[in-house]
Amino acid sequence: LTSGIYRGNVDFDPGPGVQMAQGLGFGNMYLSKLDATGQLLWAHAWPGFQASGDFLYSIATLPDATVFAAGTFRGMLDLDPGPGIDEHVGSEPNSQPAAVLMRFAGDGTYAWGRSWPAERSMLLDVVALDDRVLVVGAFRGTIDLDPGPGLDERTSSGPNGAYDAF
């Protein structure tokens, strides 16, 4: 598995095939899976908001090949890379990014996504432990840790520049 950021147009297939993605603006996030011989199994790309820097920086897999990916984004983003729509609203283009967590089946099929807009800043990391995934992170300012319609607000305890972990 690979994840990260790309700019411009990119072909995610390292072999003779072509799987093109068009990027918008500063940075666009991607997630791809290659087999043991380096052949592309699947790839997803999310063209970002024109002035943003969307980035997937953490991936974890379970024994059943389920994939979790975490990162950040700004603006509005459709997390479902297929024909479905799962739009999430992050932060404004020139502000701190919102955090995002996505789940995929081993074949790359999108399962679900969650996002956490933060008042100031938030980072997520995913860690696979046996058949579970832990989501850990750090934030400053005030965040709502409930990814659904509920509210679980937390405010960091330190001064500006300090992060609290969860």
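Just so we're clear, the structure is a prediction, and the values are computed from it rather than from any experiment. Counting begins at 1 with the first residue of the sequence. We use all heavy atoms of the structure for the numbers below, so side chains are in, but hydrogens, waters and symmetry mates are not.
- In summary, of the residues considered (Leu79, Ile59, Val126), a side-chain contact (heavy atoms from CB on, under 4.5 Å) with Met102 occurs for Leu79 alone.
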Does the pair Leu77 and Glu87 meet the rule for a side chain to side chain contact (heavy atoms under 4.5 Å, CB included), with working shown? CA-CA 5 Å; Leu77 189 64; Glu87 289 185 337; over 6 Å; no
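- Taking the six-membered ring for Trp and the full ring otherwise, the centers of Tyr6 and Phe12 sit less than 6.0 Å from each other.
- For the atom pair CG of Leu41 and CD of Gln39, the computed distance is 8.5 Å after rounding to the nearest 0.5 Å.
- Taken to the nearest 0.5 Å, the CD atom of Gln22 stands 5.0 Å off from the CG atom of Asn9.
- How far CE of Met76 is from OG of Ser115: 10.5 Å, rounded to the nearest 0.5 Å.
- Side-chain contact between Ile5 and Asn28: absent, with no pair of heavy atoms (C-beta onward) separated by less than 4.5 Å.
- Ser3 places a side-chain N or O within 3.5 Å of a backbone atom of Leu56 that can act as its donor or acceptor partner.
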Verdict with reasoning, Tyr110 to His44, per ring-ring contact (aromatic ring centres under 6.0 Å, His included): CA-CA 10 Å; Tyr110 178 75; His44 298 308; 8.4 Å; no
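- The cluster map of Ile, Leu, Val, Met, Phe, Trp and Tyr, joined by side-chain heavy atoms under 4.5 Å apart, puts Leu40 and Val10 in different clusters.
- Side-chain contact between Leu1 and Val67 is present, with at least one heavy-atom pair separated by less than 4.5 Å.
- When atom types are taken as modelled, the side chain of Trp42 and the backbone of Thr109 share no donor-acceptor pair closer than 3.5 angstrom.
- With a 4.5 Å cut-off on side-chain heavy atoms, Ser58 and Phe68 do not count as touching.
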For Val133 and Leu62, what are the C-alpha separation, side-chain angles and deciding distance, and is it a side chain to side chain contact (heavy atoms under 4.5 Å, CB included)? CA-CA 7 Å; Val133 168; Leu62 296 179; 3.4 Å; yes
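- Between the side chain of Asp54 and the main chain of Met29, no donor-acceptor pair closer than 3.5 Å is present.
- In plain terms, the two heavy atoms of Ala60 and Ala128 that are nearest each other are CB-N, 3.8 Å.
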Quick one: do Asp125 and Val136 satisfy side chain to side chain contact (heavy atoms under 4.5 Å, CB included)? Show the steps, please. CA-CA 5 Å; Asp125 199 4; Val136 296; 3.8 Å; yes
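- Distance check, rounded to the nearest 0.5 Å: CH2 of Trp116 to NE2 of His88 gives 9.5 Å.
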Under the side chain to side chain contact (heavy atoms under 4.5 Å, CB included) rule, what do Asp78 and Asp86 come out as? Steps first, then yes or no, please. CA-CA 5 Å; Asp78 177 6; Asp86 186 12; 4.2 Å; yes
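- Looking at heavy atoms from C-beta onward, Val135 lies in side-chain contact with Leu101 at the 4.5 angstrom threshold.
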